[in-house]
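A quick write-up on the structure given underneath.
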Amino acid sequence: MDHQGEFRRAARESGIPDDEISRFSRHLRLTIGLSGAGGGSPAGRFGGAPRLPVGMKWPSAGDSPLPLLLSVDCGALPRIDGFDLPADGILLFFVDQERDHEDSSGQYARVIHVPDGTETAVAEAPGSVSVRAPFDLYAGLGAELPLWLQEGDEGWHEYWEDLDEEDMSPFQRRLARYMERDLPHLDELRALAYDSWPSGARVVIGGYAEDEVVNSLAEQTLAGREKAGEIPAIPIARWYSRLEEEKHRLESEWMSLASQPRAYEEYSTSFVIRHDDLAATRVDKALAVTRFAAP
């Protein structure tokens, strides 16, 4: 289905100009929500034991086997333009959430793609691994916008509206002018997108990487480029403005591969990946960030 085409037709019927719909659509990402309710065949499973290629050892970090969080059947997922998931096979997400929460090295998480046609067998969990009770997940579509275009308390523009222009950074002023000048029907477009593809899933495949993850990547990138002499040292007074610009750039380079909303369990994990790594099925390049989510 041409999801973006359907959205464009609905927005045009509301009287919104084509050029503004195009600008908004550049920022709109469709996501695949996996939840325990739905019709048809399951598209994934939370917990349980994985089917691993015959001869493959259970993924581990040194001597510590990693629990299976989630398995996703790529062939059962709806196809989305611009989202280069493998066309078939199973994605397996392993993570020791407690250790990953305390360790930023990435060693306590792993993503594996098992292509169709691979000889597999149900793996027997090592004795030290706790296997979650399995339950099936069903797929539906959702919509997501970058944080600076979201509404409510999380949206950046809500914060900007409380600032005088002279209190904004140059980058904030540019984005604010862009939204005011080039997206005058932002509220209508945003409401149409969310009504067309409601969210509320237990696991979300695709979309934007979480702001905290992108913030960390941006800080590391700027610090690394400074240290390597690729850019001049950034004055403290300009650091946050440059950081916002770098985050804005990385939004288009990175994406969420799979994420858990924080409301469900004690920990939540987000797996993020570069677009080009996903397109090349280099899912082993995915980074995981686990947070303590319990109230």
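Of the possible donor and acceptor atoms, none in the side chain of R202 sits under 3.5 Å from a partner among the backbone N and O of S35. The closest donor-acceptor contact from the side chain of W254 to the backbone of V272 lies at 3.5 Å or more, if one exists at all. Without hydrogens or angle criteria, H185 side chain to A11 main chain gives no donor-acceptor distance under 3.5 Å. Within the 3.5 Å criterion, the main-chain N or O of G62 finds a donor-acceptor partner in the side chain of S60.
Crowding of E226 atom CD: a count of heavy atoms from other residues, nucleotides or ligands under 6.0 Å exceeding 12.
In the hydrophobic clustering of ILVMFWY residues, with side-chain heavy atoms under 4.5 Å counting as a link, L30 and I273 come out together. In terms of hydrophobic clustering, with Ile, Leu, Val, Met, Phe, Trp and Tyr side chains grouped at heavy-atom distances under 4.5 Å, V72 and F83 are assigned to a common cluster. Cluster annotation: F271 is connected to L85 through the hydrophobic network of ILVMFWY side chains, with a link wherever side-chain heavy atoms come within less than 4.5 Å. Connection of L70 to L278 is established within a shared hydrophobic cluster, with ILVMFWY side chains joined at heavy-atom distances below 4.5 Å, either directly or through further cluster members. In the hydrophobic clustering of ILVMFWY residues, with side-chain heavy atoms under 4.5 Å counting as a link, L91 and Y138 come out apart.
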*asked:* One pair to check against salt bridge (charged side-chain N to carboxylate O under 4.0 Å, His left out): R8 and D18. What are the steps and the verdict?
replied: CA-CA 8 Å; R8 178 177 292 277; D18 269 344; 3.7 Å; yes

*F93 and F46: side chain to side chain contact (heavy atoms under 4.5 Å, CB included), yes or no, with the steps?*
CA-CA 10 Å; F93 295 84; F46 202 77; over 6 Å; no

_E245 vs R174, salt bridge (charged side-chain N to carboxylate O under 4.0 Å, His left out): CA-CA, chis, key distance, verdict_ = CA-CA 11 Å; E245 293 182 56; R174 287 200 301 273; 3.6 Å; yes

*What's the verdict on salt bridge (charged side-chain N to carboxylate O under 4.0 Å, His left out) for K285 and D277, showing C-alpha distance, side-chain angles and the deciding distance?*
CA-CA 7 Å; K285 300 292 187 182; D277 284 330; over 6 Å; no

*Let me see the working for E20 and R23 under salt bridge (charged side-chain N to carboxylate O under 4.0 Å, His left out), right down to the final yes or no.*
CA-CA 5 Å; E20 184 180 353; R23 286 191 292 270; 5.2 Å; no

*Apply side chain to side chain contact (heavy atoms under 4.5 Å, CB included) to L69 and V203, showing your working.*
CA-CA 11 Å; L69 177 70; V203 176; over 6 Å; no

_Go through it in stages, so that I can follow the logic: the residues are E98 and D96, the test is side chain to side chain contact (heavy atoms under 4.5 Å, CB included), and I'd like the CA-CA distance, side-chain angles, deciding distance and then a yes or no._
CA-CA 6 Å; E98 184 174 358; D96 184 328; 4.0 Å; yes

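Residue L147 holds its CG atom at 10.5 Å from CG of N215, rounded to the nearest 0.5 Å. Atom CG of L141 sits about 8.0 Å away from atom CH2 of W197, to the nearest 0.5 Å. The line from OG of S196 to CD of E6 is 9.0 Å long, rounded to the nearest 0.5 Å. Separation of atoms CD1 (I112) and OG (S71) is listed at 12.0 Å; rounding is to 0.5 Å. In this structure, the separation between CG on D276 and CZ on R282 is 5.5 Å, given to the nearest 0.5 Å. Taking CG from L149 and OH from Y208, the interatomic distance works out to 7.5 Å, rounded to the nearest 0.5 Å.
A donor and an acceptor atom, one from each side chain of Q97 and E102, are nowhere located under 3.5 Å apart. Side chain to side chain, E251 and W148 meet the donor-acceptor criterion of an N or O pair below 3.5 Å. Q220 and S216 share a side-chain donor-acceptor pair at under 3.5 Å. Side-chain contact of T269 with T290: a donor-acceptor pair under 3.5 Å is present, judged by distance alone.
With contacts defined as side-chain heavy-atom distances shorter than 4.5 Å, the pair P170/S241 qualifies. Looking at C74 and P86, their side chains come closer than 4.5 Å, going by heavy atoms from C-beta outward. No side-chain heavy atom of T31 sits less than 4.5 Å from a side-chain heavy atom of I80.
If you run side chain to side chain contact (heavy atoms under 4.5 Å, CB included) between V214 and each of K247, H248, E219, only K247 comes through.
Relative ring orientation between F292 and H101 is described as tilted, the plane-to-plane angle lying within the 30° to 60° band.
Residues V114 and R51 come closest through the heavy atom pair CG2-O, 4.2 Å. The two atoms that bring A43 and A139 nearest to each other are CB-CB, 3.9 Å, heavy atoms only. Contact record, R249 with T221: NH2-CG2, 4.1 Å, taken as the closest heavy-atom pair. Closest heavy-atom contact between A109 and D100: CB-OD1, 4.3 Å. Closest approach of A258 to I205, counting heavy atoms only: CB-CD1, 3.7 Å. Taking both residues in full, the closest heavy atoms of P65 and V129 are given as CB-CG2, 3.2 Å, listed atom of the first, atom of the second, then distance.
Both tests do not hold together for R45 against F135: distance to the six-membered ring centre under 6.0 Å, angle to the ring axis within 45°.
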